[in-house]
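Have a look at the structure below, then the notes.
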2 protein chains.
Amino acid sequence: MRDQDLNDIQRLPLFSGMATEHFSQMLRAAYAQDFPAQLQLFRQDDRADFLHVLMEGTVALFAQSGGREATMAIIRPVSSFILAACMLDQPLLMSARTMSRSRIVLIPATDVRKAFRADPEFAVAANRQLAMGFRDMVGQAKSLKLRKSNERLVDYLLTELEVQGTAGRVLISAEKRVLASFLGMTPESLSRAFKSLEAAGVRVSGSQVAIPDPQRLRALLDDA
Amino acid sequence: MRDQDLNDIQRLPLFSGMATEHFSQMLRAAYAQDFPAQLQLFRQDDRADFLHVLMEGTVALFAQSGGREATMAIIRPVSSFILAACMLDQPLLMSARTMSRSRIVLIPATDVRKAFRADPEFAVAANRQLAMGFRDMVGQAKSLKLRKSNERLVDYLLTELEVQGTAGRVLISAEKRVLASFLGMTPESLSRAFKSLEAAGVRVSGSQVAIPDPQRLRALLDDA
DNA sequence: TGCGTGTCTTGACAAATATCAATTTTAGTC
DNA sequence: GACTAAAATTGATATTTGTCAAGACACGCA
């Protein structure tokens, strides 16, 4: 594993508070691996043997059922994933595949659990991470239960607008069909949802979405 | 607060590993309170000032948006709720109301956070709790994204069948309109979904659901 | 540059689900 | 045990969303 990888990992909020000693101990059996695009990393129901840390590239977490498939999260560097399953030592709930060439560090789950008991700072950070993940999923479930598809798109666009910080426009950083799947709809529905937002000034061109008047979008959600 | 309350609380997986000293310290400012049915305990976006522990009764966590409302979880004794928001000291994502007369112990969030830093066993247990909550929400989001409403009902019934352990029948322990809202559909749709399962042998009578042949239900989900 | 593959969009249609209104059933109260 | 109010069901209809098929567009690669 590269020194740079180690540095980048240690700088993650999840690990940055750890005693260096515990950190090196946890990573002693970890290793980095490069994967081509479109490779399945693991399947739901597999055991969670490694905490994954994405260093470069993009990874999609998705779920499968009855032939269908839904994107649950899109992971970007540098961040860890499947912490919950590692903690609980339980089967994975999601599958993962690389969306582009990716470099991933794999940390044995047993070492993560050990470190977690040894280092209170790590325990705090893991809690934070899990709590945030929980809240993210609550948000998704909320959106799915009480909004229709074009409202979910509005919600997504407004969130991205804040996250990306680029005034008046949003870059869609995944294929639209992946975004559709993430938002719980078909690509066709997403296409139509975008069109329904033209009335609010939204213009789409490729992966660029122009949002001249966020207020008008927000009005479509009309909740407190 | 009753001694019995203290005993029951300490017996929760979340707290059972804690040093008694830390436990009493955490509960020194806690207090129990009785609430009538149908009382709103807190609103989403409120600050999470107290970790709640339900001792008796039933509580529904729900989300609101654009006039609509969706049940996100149904809490039964003895269990804690809104741990994630307390940990992160962030606004609540859900509202709560009692579904029946309820007795709730309120523990100041600051004391929870302190105990969390002081007691590694508690930290581990809190992680467990959050990780389970996360996985629960992932399950809900999965179900909503890739199943249609009667499949979600099937999924619910099969899960309850296992949890309740009563062979061949399931007791619906909330009003059907609440169950409908929990499953992300209208009461009318739930009623029709039940009817569509008659073909698989399911019979509903009030809050009793007879499921003579779980296999036939499972076949409707047809995933691995 | 041109070819080929896959994504995105559009239209027509079908299926799923919500909404509205009316009725039956249930549960709670005096 | 009758009365009331809420919940559950049912039917008719509207809306939303998915499916299928075709064409437009974009991208990678020879």
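Sequence lines set the chain letters: A, B, ... in the order given, protein chains first and strands last, and positions in each chain run from 1.
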Rounded to whole Å, CD1 of Ile172(B) lies from P of dA27(C) at a distance of 12 Å

Quick check with a 6.0 Å cut-off and a 45 degree axis cone: is Lys145(A) positioned over the face of Phe182(B)'s six-membered ring? yes

Under a 3.5 Å cutoff, is there a donor and acceptor pairing between the side chains of Ser95(A) and Gln64(A)? yes

Does this structure show an ion pair linking Glu151(B) with Arg218(B), if we count only N-O contacts that are shorter than 4.0 Å? no

Within 45° cone and under 6.0 Å: Arg97(B) NZ/CZ vs Phe62(B) ring: yes

Heavy-atom side-chain proximity of Asp155(B) to Leu158(B) below 4.5 angstrom: no

Let me check the geometry of the helix from dT1(C)-dA30(D) to dC30(C)-dG1(D). What is the bend angle between the axes at its two ends, five pairs each, to 10°? 50°

Could you state the atom-to-atom distance from CG of Leu153(B) to P of dA8(D) in whole Å? 14 Å

Length of the line joining Gln38(A):CD and dT5(C):P, which is rounded to integer Å: 18 Å

In whole Å, I'd like the distance from the CG atom of Leu144(A) to the C1' atom of dT17(D). 14 Å

Should the ring pair Phe81(A) and His52(A) be called parallel, tilted or perpendicular, given that the plane angle runs from 0 to 90° and is split at 30 and 60? tilted

What is the distance from CZ of Arg147(A) to P of dA18(C), rounded to the nearest Å? 16 Å

Without decimals, in angstroms, what is the distance between Glu151(B) CD and dT17(D) P? 18 Å

Given atom CZ of Arg68(A) and atom P of dT17(D), what is their separation to the nearest angstrom? 15 Å

Would you say Thr98(B)'s side chain and Leu39(B)'s backbone share a donor-acceptor pair under 3.5 angstrom? yes

So does Thr186(A) get a side-chain nitrogen or oxygen closer than 4.0 Å to the phosphate oxygens (OP1/OP2) of dT17(D)? no

Under-3.5 Å N/O pairs linking protein and nucleotides 6-11 of chain C:
{"residue": "dT7(C)", "atom": "OP1", "partner": "Arg177(A)", "partner atom": "NE", "Å": "3.3"}
{"residue": "dT7(C)", "atom": "OP1", "partner": "Arg177(A)", "partner atom": "NH2", "Å": "3.2"}
{"residue": "dC8(C)", "atom": "OP1", "partner": "Lys176(A)", "partner atom": "N", "Å": "2.7"}
{"residue": "dC8(C)", "atom": "OP2", "partner": "Arg177(A)", "partner atom": "N", "Å": "3.0"}
{"residue": "dT9(C)", "atom": "OP2", "partner": "Ser191(A)", "partner atom": "OG", "Å": "3.4"}
{"residue": "dT9(C)", "atom": "O5'", "partner": "Ser191(A)", "partner atom": "OG", "Å": "3.2"}
{"residue": "dG11(C)", "atom": "N7", "partner": "Arg192(A)", "partner atom": "NH2", "Å": "2.4"}
{"residue": "dG11(C)", "atom": "O6", "partner": "Arg192(A)", "partner atom": "NH2", "Å": "3.1"}

What is the distance, to the nearest angstrom, from the CE atom on Met185(A) to the P atom on dA16(C)? 19 Å

Which of these, Gln164(B), Glu160(B), Arg76(B), sits in a side chain to side chain donor-acceptor pair (under 3.5 Å) with Ser173(B)? Arg76(B)

Say whether, by atom type as modelled, one donor and one acceptor occur between the side chain of Ser191(B) and the main chain of Glu188(B) under 3.5 angstrom. no

